[in-house]
Amino acid sequence: MEERGSPDGDPARNLEQGPEGPETPIQVVLRVRPMSAAELRRGEQSVLHCSGTRTLQVSPPGGGPDVAFRFGAVLDGASTQDDVFRACGVRRLGELALRGFSCTVFTFGQTGSGKTYTLTGPPPQGEGVPVPPSLAGIMQRTFTWLLDRVQHLDVPVTLHASYLEIYNEQIRDLLSLGAPRPLPVRWNKTRGFYVEQLRVVEFGSLGALMELLQMGLSRRRSSAHTLNQASSRSHALLTLYISHQTMPPVDPGELPAGGKLCFVDLAGSEKVVATGSRGELMLEANSINRSLLALGHCISLLLDPQRKQSHIPFRDSKLTKLLADSLGGHGVTLMVACVSPSAQCLPETLSTLRYASRAQRVTTRPQAPRSPKAKPPQHLETELLQLQEENLHLRSQLGQMDPKASGLSGARVAWAQRNLYGMLQEFMLENERLRKEKKQLQSSRDLAHGEQRILAQQVRELERRLLSACYLQQPGPGPAPPCPCVMVSPLLCHAPPPLCPHCQLCPLCRASLAHWACPRRELHLPQVFGSKAPGDGPLSARPPPWAPPCCPSSAKCSRERSHSEWTQTQVLAEMLTEEKVMPSAPPLPAGPLNASPVLRGGAAVPNLARRLEALRDQIGTSLRRGRSQPPPR
Ligand code: ADP
Ligand code: MG
């Protein structure tokens, strides 16, 4: 006698305790359907015998050795629907889904073995005729339990449902508003495989959910063949999405975040010879068998500890794509293997039993998505405060902000105010945006600094020119001051700044003044002013060097004027002597100097522009005066 079972020998324990370790095996429960009326009429005897609650004994007709299989639970033909519901531990899965895990229940077995019956009860006896409560399947029972459970939760929960079928390798939305059309399966890193444009319906009552189930069941493809009068011709997946209201609201087209509870009613494998399928039925059967083969292949590879690390061909069929997470990913999975007791079905029954035995050795690594309960509230509050502080700091750095750019719409603010977790996310997003904006402004400011430096150089240049122009135009009763060019060789001395804007030549010595930056320029100054240079007197009586030359006919010579009389040029004086250009940060406009600055900020650039303008005026005045006087000797 051979006995196969779960690795730890007690899968029910795992089922009860939930995902404790990093790896959790797929739980398998076996259900043997009762003999059908036709089988009884033929006088068939069951070849399957339950031994205890977890072991199934197979007695092949003809006297071969018995084979035993061990599962999490084994239920014989006498078991009621309620027995199955309890033995499967679906409530435990529901609890895990409420905690944010992704849970899957799927039925597996030969066609006519009772998969659909186990999940949803017998086929409806007519349009709108409900399944009697005693015959309701795992799905209806779970729905009743879940709706009752969420009513007693402290945290409000939002429930959504989707229902699809995979028919001939095409995905059809069983809840679509119009006629179902094929939908694509996509993959991305965060969501894994998912069906695009699948309708996800929010529901709030058991009645509404039951209606969705009936709608899907009535639209699902089924046909009659020799082994089953209502044989499902497609794999059907009904998914419940459980999200706590502290999670962000669902955007249209997005699947809700949170826990999931998915019910998969697989179409049964079938031998077309046994079912007598022809034409379209045969096509459907081939498609069903192909996808089940792909599923079996993935399970085999997942069992191999070495190959599990490598590539698993989940992409081989739509079914394996959609079950990828349940089989090899982060889900918690329960398989209900269904078998027929008939000797005629023994080869398929043995195949199902071997398949199920292997499946219960497949492990997943259950992982709850980020759930609001994952972080203690104290930690959340601290994080929130930090973000708020950073937010304020960034705001103050950025100065006045466009209120529309704050990124928080009224509705979202209201939502965020209700939820600590939501606020945390809002602040994280906003801070990220503010950081970016700050960076942009900093680079604009750096640009502005560069341009300010250039302007400051220009100002200094003009200042030097103005100084020299003042010296050259120095009037007085005595002889005209000697040109600095006569003091030193024109080759060594680049002499005074250019006064003639056309020829760029010194008006005295005609030397080129293109490079006027004389290293010895300051030595000329005392000679230019003679012994009565303006620097000799007290500051209050001393006219500044940029003062306009005194007219000989004027009653008051510049030397006699008090310093206060220069107040009109005081601003200019300060501007000229000011060495440092304050980086008040407005980026320079591309247009003319007097154009308004692009960004808010200080007035350093306009100041520089004014300085330039004032200097130009001064030079112009000096030139005009210079021309109206007799040329110096
Ligand atoms: P499958 O989905 O595996 O192809 P079904 O669930 O459609 O098989 O069952 C085939 C037939 O057997 C149906 O008429 C169903 O009512 C009946 N049946 C299956 N399991 C049971 C059961 N446990 N008790 C009574 N009838 C059952
Ligand atoms: Mg079925």
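Whatever order the structure lists ligands and atoms in, that order sets their numbers, starting from 1.
Comment: R219 does not engage E165 in a salt bridge, judged by the lack of any side-chain N to carboxylate O separation of less than 4.0 angstrom.
Listed by atom number, the atoms of ligand 1 under 4.0 Å from R31 heavy atoms are 23 (N). Proximity to T111 (heavy-atom distance under 4.0 Å) selects the following atoms of ligand 1: 4 (O). Here is the list of ligand 1 atoms found below 4.0 Å of a heavy atom in Q110: 3 (O). Of all atoms in ligand 1, numbered sequentially from 1 with element shown, those under 4.0 Å from a heavy atom of R33 are 19 (C), 20 (N).
Distances from atom 2 (O) of ligand 1 to the heavy atoms of T116, L135, T120 show the closest one on T116. Residue P34 holds the heavy atom nearest to atom 23 (N) of ligand 1 of all those in A267, A37, P34, C338.
Taking a 4.0 Å cut-off on heavy atoms, G109 fails to register as neighbouring ligand 1.
With a cut-off of 2.8 Å, the Mg ion (ligand 2) has an N, O or S atom of T116 in range.
Residue G112 places at least one N or O, backbone or side chain, under 3.5 Å from an N or O of ligand 1. In terms of polar-atom proximity, defined here as any N/O pair under 3.5 Å, S113 does make such a contact with ligand 1. Some N or O of K115 is nearer than 3.5 Å to an N or O of ligand 1, by distance alone.
A centroid separation of less than 6.0 Å is found between the aromatic rings of Y355 and F108.
With R31 as the partner, the side chain to side chain contact (heavy atoms under 4.5 Å, CB included) test is satisfied by one option alone out of T118, V74, D83, T107: T118. Each of L209, L213, V90 was scored for a side chain to side chain contact (heavy atoms under 4.5 Å, CB included) with M139, with one residue passing: L213.
Across all non-hydrogen atoms, the minimal contact from R172 to Y167 is CD-CB, 4.2 Å.
Counting heavy atoms from C-beta outward, R199 and L177 have side chains that approach closer than 4.5 Å. Inter-residue side-chain proximity for L238 and V264 is flagged as unmet; no heavy-atom pair is nearer than 4.5 Å.
Relative orientation of the F263 and F143 rings is perpendicular, given thresholds of 30° and 60° on the angle between their planes.
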